Amino acid sequence: MNVTTRFAPSPTGRVHIGNMRVAIYNWLFARHAGGRFLLRIEDTDRERSTPEAVRGLLEVMEWLGLDYDGEALYQSQRVEAHLEAAERLLRSGKAYRVDKGGTGRGEAVVFRMPGRAIVFRDEIKGALRKEADDLPDFVIVRSDGSPVFHLANVVDDAYMGVTHVIRGDDHVENTFRHVALMEALDLPIPRYAHLPMIVNAQGKPYSKRDGDAYAAQFREKGYLPEALFNYLVLLGWSPGDDREVMSREEIVRLFDLDRVRSAPSQMDPRKLLWMNAEYMRALPLERFMEGCRKELVKAGLLEGVEEDYFRRAMDLMRGRVKLFREVVADAAFFFTEDYHFDSKAVRKRLLREGACEHLRSVEERFGQVETFAAGVLEDVLRTLADEKGIKAAELIHPVRVAVSGLGHGPGLFEMLEVLGRQRVLERIRRARRTYCEG
RNA sequence: GCCCCCAUCGUCUAGCGGCCUAGGACGCCGGGUUCUCAUCCCGGAAACAGGGGUUCGAUUCCCCUUGGGGGUGCCA
């Protein structure tokens, strides 16, 4: 069966994750079936639609890899067709003009519901039915002559050859109207699938007010698109087994509307973060570097830094950050002498009995090594520890804090090698001067 | 108010009458590995909303209650 889906957002603000997931499911369903995924910009609300919103929308879709087929259709260009459909309904007596509600604004065109129950089969919810009494007539063309959402939506879906309408749960009730409209216009009725809503941590639906629910913000925070994609897919759908971290190809292959749940699901930022870390760890060095580079440049830390040095530092950081942003705090010491000393780490490792003496002897030994390489440095340090009759950790910790200011980080010896002899010795000396008076 | 939808660990979910002493994941707690952190490994606490049916047998089917959500615009 040929499949055509569409994503039909109205560009009236930032794209939040609820919309994003609708787009993802439409995209997946089409790609799975080898069908078409179309984009329609529902910009009929001239008051609220903005070019910036359209741009933001397109950017987010590209970021997430939701490529659409053909050109985007702007609904505002289709007004003629919408009005023509209304005329047809008027002529056949399936619609009428009236000053609904006696507003005095003039006459609107109202669709006459057929006076019988409307039934359709939702791909997710099953058979849905609404009695005639619960389906009043409704406006399809405003008194100012502009077509209403319902009319435009239905006419354009038919025009685009949409076979499967996959949208949010908030459209379930509209579907009864849409089905009736399509029947009256003698248009082919697509299959419908209504996705459960995504709710926030309070269990409430995401509104424009929920600050951190915008797709673009996840991007800004350093989330990987494949991680957000994977996470969002799992909100309401599962492959039926225990798989969770899946490649896009795998998801496309497995995706199926049958397995979509019909209960709302709550977004869990912690699981998203974990998912992101999973993808971060699997990232090729080049991509990891590019993500980190943006953050580090923004923080002004990469000026005059050699590419090879940057690469070696990032190679050590890879797999240790959950979000690109974290690299600023965790790897700044690679690029500046003005790195921050974590007070807790200083107290625990430097302001300690013997720490100063340890630093002194490490500095001395490190100053004598021929090649400043990880393996050599480790040998030297461990030998020194043996001589002193202490555990290597007693030496390792103070050195780590001295050269990085942090109590955590990559393996010490690899780190030292990358930093290089001069930096390391200077930093140890400086730490002794600062924390070891006398 | 009325109409519609939904209901398994804190969260995302598996389960489509017996395989369930309900499985996995995130998070949490404990332990191990490691120079730290992270990773990794092992272990633990944690759920079928309540009540009626149907059935030899219900998490699974039906009804009611409760609780969520959606709709009820000349918004989309």
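Being a predicted model, the structure only gives us computed values, none of them experimental. The sequence lines fix the lettering, A, B, ..., with proteins before strands; numbering per chain opens at 1.
A/Arg243 comes within 4.0 angstrom of nothing in the nucleic acid, heavy atoms only. If you check every strand for non-hydrogen atoms under 4.0 Å, A/Asn174 touches a base. If you check every strand for non-hydrogen atoms under 4.0 Å, A/His150 touches a base. A/Pro136 comes within 4.0 angstrom of no nucleic acid atom, judged by non-hydrogen atoms across all strands.
Rounded to whole Å, the separation between the C1' atoms of B/C4 and B/G50 comes to 23 Å. Nucleotides B/A14 and B/G24 have their C1' atoms positioned 7 Å apart, rounded to a whole Å. Going from the P atom of B/C28 to that of B/A38 covers 10 Å, rounded to whole Å. The C1' atoms of B/C6 and B/U65 are separated by 15 Å, rounded to the nearest whole Å. Going from the P atom of B/C9 to that of B/G71 covers 25 Å, rounded to whole Å. When the C1' atom is compared between B/U54 and B/C63, the two are found 11 Å apart, to the nearest whole Å.
Ion pairing between A/Glu295 and A/Arg293 fails under the 4.0 Å rule for side-chain N and carboxylate O. With respect to the salt-bridge test (charged N to carboxylate O, under 4.0 angstrom), the residues A/Glu131 and A/Arg116 do not qualify.
Checking A/Met197 against A/Phe413, the closest nucleotide of RNA chain B that is more toward the 5' end is the one next to A/Phe413. In terms of position on RNA chain B, the residue among A/Arg382 and A/Glu107 whose nearest nucleotide sits closer to the 5' end is A/Arg382.
Residues from residues 317-327 of chain A with heavy atoms under 4.0 angstrom of RNA chain B, sorted by number: A/Arg320.
Atom-to-atom, CD1 of A/Ile41 to P of B/A76 comes out at 15 Å; the value is rounded to the nearest Å.
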Contact state string [nucleotides 4-14 of chain B, B base, S sugar-phosphate only, - no protein heavy atom under 4.0 Å]: BSSSB-BSBSS
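Across A/Thr5, A/Asn26, A/Thr175, a single residue satisfies side chain to side chain donor-acceptor pair (under 3.5 Å) together with A/Arg167, and that is A/Thr175. Partner of A/Phe218 under the ring pair (Phe, Tyr, Trp, His ring centres under 6.0 Å) criterion, out of A/Phe324, A/Phe229, A/Tyr223, A/Tyr231: A/Tyr223 alone.
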Test log, rule ring pair (Phe, Tyr, Trp, His ring centres under 6.0 Å), inputs A/His171 and A/Phe149: CA-CA 12 Å; A/His171 283 297; A/Phe149 160 74; 5.5 Å; yes
